[in-house]
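Chain identifiers are assigned alphabetically (A, B, ...) following the order of the sequence lines, protein sequences preceding nucleic acid strands; residue numbering begins at 1 within each chain. Please read all numbers here as calculations on a predicted model, not as lab measurements.
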Amino acid sequence: MNRTEIVEGLKKIINENLELEVPSDFSENLRTWEDLGVDSIMAMQLIVYIEEDFSIEVPEDEIAENVFDTVGSLADFIEKLQQASA
Amino acid sequence: MMNRVCIDTESYSSEQLDEIENSIRKELVHEGLTENVIQNRLFALCMESPLRLLACLEIIRKGGGSLLLIHADTPHQTCLELARESGCHYLLFNGEKVSLQGKNLYRDSSLVQFSSGTTGKPKQIVRSWENIRREIFNYNKLLSAEEDEAPIILVPATHSFGLIAGIMTAFERGATPHIVINRNPKFYMKIIGGYQKHIVYGVPFQFHLMHALAPHFVFNRLLSSGAPLQERLFRDLEQNGSGIMQQYGCTECGCISLSLFPEGPNDNGRPLEHFTIETSTSASEPTEIIAKTDRSIVHTRDLGYFSDKGSLFVLNRLDDLINVSGQKVIPSEVEEVISRLEGIKETVVYGARHTIWGECVGALIVSEKQYDVAAVKNHCMKHLPAYKIPAKIRFVEEIPKTEKGKISRSLIKSLENQNTQKNGGRE
């Protein structure tokens with residue numbers, strides 16, 4: 001799964017599962033909270049969908065807050081976990 | 001009263017807790033808050049760290065002061081406004097102290113909370129520690145938990161459910177509460193899995209997440225409150241062998257009833273000993289639940305009934321209060337914040353349907369000025385904690401009214417939720 005697919009996957013989750021509007025020019029620079037409206041409860045739910053859709057295992061440890069900053073930082077997080085499980 | 005406590009991966013002995021309490025006490029004295037000053041005065045507390053919160057709570061309670069607890073992620077400015085409006089003498093915001101012009105003295109050391117009143121501003125509810133002690137005693141009697149059953153608190157320590165039912169009752173029966181502030185649901189499960197015997201205090205949404213991540217994860221005991229569990233989730237958990245418990249309460253009363261073996265999501269069990277509950281005895285004709293004690297009568301605005309077996313079933317509410325996964329939001333409070341934006345002609349906030357957490361905050365807005373959804377959310381963020389920020393915002397030409405031209409939130413709710421369904425759950 002390449003970077004573009006990850007970002008596309010995130011867009012789908014945020015739009016379809018979290019039921020939030022996403023701009024047509026969905027990009028890595030979008031801030032999850034300010035631009036997309038993902039709040040802290042949704043962030044928790046995001047973890048569940050990320051596991052399911054990207055077939056990765058999210059660690060049981062604390063997740064650094066900045067993981068949720070932008071679409072790009074989320075994609076970084078997913079990429080790292082994909083590499084770890086590969 | 002504080003014995004041991006665990007927070008996320010840290011564990012604190014009672015000696016360490018004493019030390020922390022003493023050092024915070026010194027800090028407060030240095031700020032001029034000696035016992036004489038604390039007595040009879042009202043303190044607003046907003047703190048990220050539950051450890052600091054519990055320590056301040058102990059110091060102020062012992063000093064004969066009263067406390068107003070504010071949800072941890074409330075912005076500083078909003079805390080100040082809340083504290084002022086509530087007549088607090090001081091605001092303690094994390095490590096910072098702000099002196100305010102408190103008016104009334106509180107002769108009985110009390111816990112002051114905001115109720116989820118129906119109209120207008122949130123109402124202040126004052127509960128004396130004496131009253132809370134009675135709740136703790138009767139709660140433990142009904143729960144009959146063992147000392148080695150670890151209470152794991154996934155809900156905020158600023159609300160009655162987490163603070164009184166979760167943490168304070170644990171201290172009282174000599175158990176060690178484990179407070180979880182990290183919000184990774186997998187982290188929850190790691191902590192829970194670390195205890196063979198546990199009682200997990202959470203809201204339905206949290207159990208839903210954990211169950212979605214690990215359908216075979218068995219909760220030794222879980223205690224859900226704030227909103228009913230989804231029927232499907234309830235049955236799934238029942239089937240995988242989890243011990244489900246449910247409790248019902250409100251800010252005015254604290255915990256009203258507790259069910260150790262509920263029959264279904266609405267079964268909230270037997271009332272605590274100090275309550276006399278008046279409500280229907282017919283499932284087909286539920287009526288308002290009225291909770292009486294020797295000192296007070298509380299009209300809960302919740303509909304319910306007693307089953308044949310004497311169990312209290314709690315159904316929907318009589319008013320427009322929005323229940324976001326157990327956290328209550330008063331529509332007018334959010335409307336007031338939205339209306340502060342320039343050019344807003346009219347706005348109505350209502351309970352929008354949400355597939356996972358039941359309800360979320362929805363807003364219809366008529367504006368003369370052009371705004372986008374993000375701008376409204378950003379504005380709300382500055383004044384409200386996260387759970388009160390509208391998740392669904394729609395700009396309209398006109399707010400739908402009843403035939404008599406009145407605003408009806410229940411009408412808007414049903415219209416909007418029909419719309420959402422038609423569009424396949426999307427806006």
Side-chain angles (χ1 to χ4, degrees), chain A residues 10-27 29-71 73-74 77-78 80-82 84-85, chain B residues 8-9 72-73 154 180-194 203 205-206 208-214 324-327 352-357 360-361 372-382 384-394 420 423-427:
Chain A
L10 281 169
K11 179 180 173 183
K12 189 168 161 263
I13 292 174
I14 292 169
N15 183 228
E16 293 180 13
N17 300 111
L18 300 186
E19 298 183 16
L20 291 171
E21 269 177 57
V22 291
S24 48
D25 54 340
F26 192 83
S27 74
N29 301 331
L30 288 171
R31 295 166 300 175
T32 49
W33 174 223
E34 294 90 336
D35 301 328
L36 296 168
V38 176
D39 64 28
S40 56
I41 304 180
M42 291 181 187
M44 288 170 54
Q45 208 186 349
L46 201 57
I47 295 173
V48 177
Y49 290 118
I50 285 175
E51 277 214 341
E52 274 178 16
D53 287 22
F54 296 98
S55 318
I56 50 171
E57 184 106 4
V58 172
E60 289 181 334
D61 305 319
E62 304 185 26
I63 299 177
E65 292 235 345
N66 58 17
V67 163
F68 290 98
D69 282 354
T70 61
V71 171
S73 63
L74 271 170
F77 177 67
I78 294 165
K80 223 186 273 166
L81 291 174
Q82 281 181 331
S85 63
Chain B
D8 283 351
T9 50
D73 68 356
L154 307 180
V180 182
I181 41 177
N182 185 287
R183 285 182 170 163
N184 178 357
K186 298 210 70 177
F187 182 77
Y188 291 174
M189 285 153 73
K190 178 170 111 173
I191 298 291
I192 298 165
V203 291
F205 173 64
Q206 292 167 321
H208 178 96
L209 282 179
M210 288 185 278
H211 184 71
L213 284 166
V324 185
S325 203
Q327 311 212 70
R353 191 190 60 87
H354 195 284
T355 39
I356 304 300
W357 51 93
C360 62
V361 178
D372 59 9
V373 169
V376 177
K377 283 191 184 178
N378 269 326
H379 165 75
C380 290
M381 255 170 74
K382 288 182 200 136
L384 298 166
Y387 69 93
K388 292 185 182 174
I389 292 163
K392 296 192 178 177
I393 295 175
R394 212 157 71 81
T420 327
N423 300 335
R426 248 159 282 153
E427 283 129 294

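In this structure, chain A has a heavy atom under 4.5 Å from the side chain of Ile389(B), while its backbone stays farther away. For a residue to count as touching a neighbouring chain, one of its non-hydrogen atoms must lie under 4.5 Å from one of that chain's; by this rule Tyr49(A) touches chain B with the side chain only. For chain B, the nearby part of Glu51(A) is the side chain; its heavy atoms alone come within less than 4.5 Å.
For Thr32(A) (side chain) and Val38(A) (main-chain N/O), no donor-acceptor pair under 3.5 Å exists by modelled atom type. Side-chain atoms of Asn184(B) come within 3.5 Å of backbone N or O of Asp61(A) as a donor-acceptor pair. At distances below 3.5 Å, at least one donor-acceptor pair connects side-chain atoms of Gln206(B) with backbone N or O atoms of Leu154(B). Under a 3.5 Å cut-off, the side chain of Asn15(A) and the backbone N or O of Leu20(A) do form a donor-acceptor pair.
Counting heavy-atom pairs closer than 4.5 Å to chain A, the top residue among Met381(B), Lys186(B), Met210(B), His208(B) is Lys186(B).
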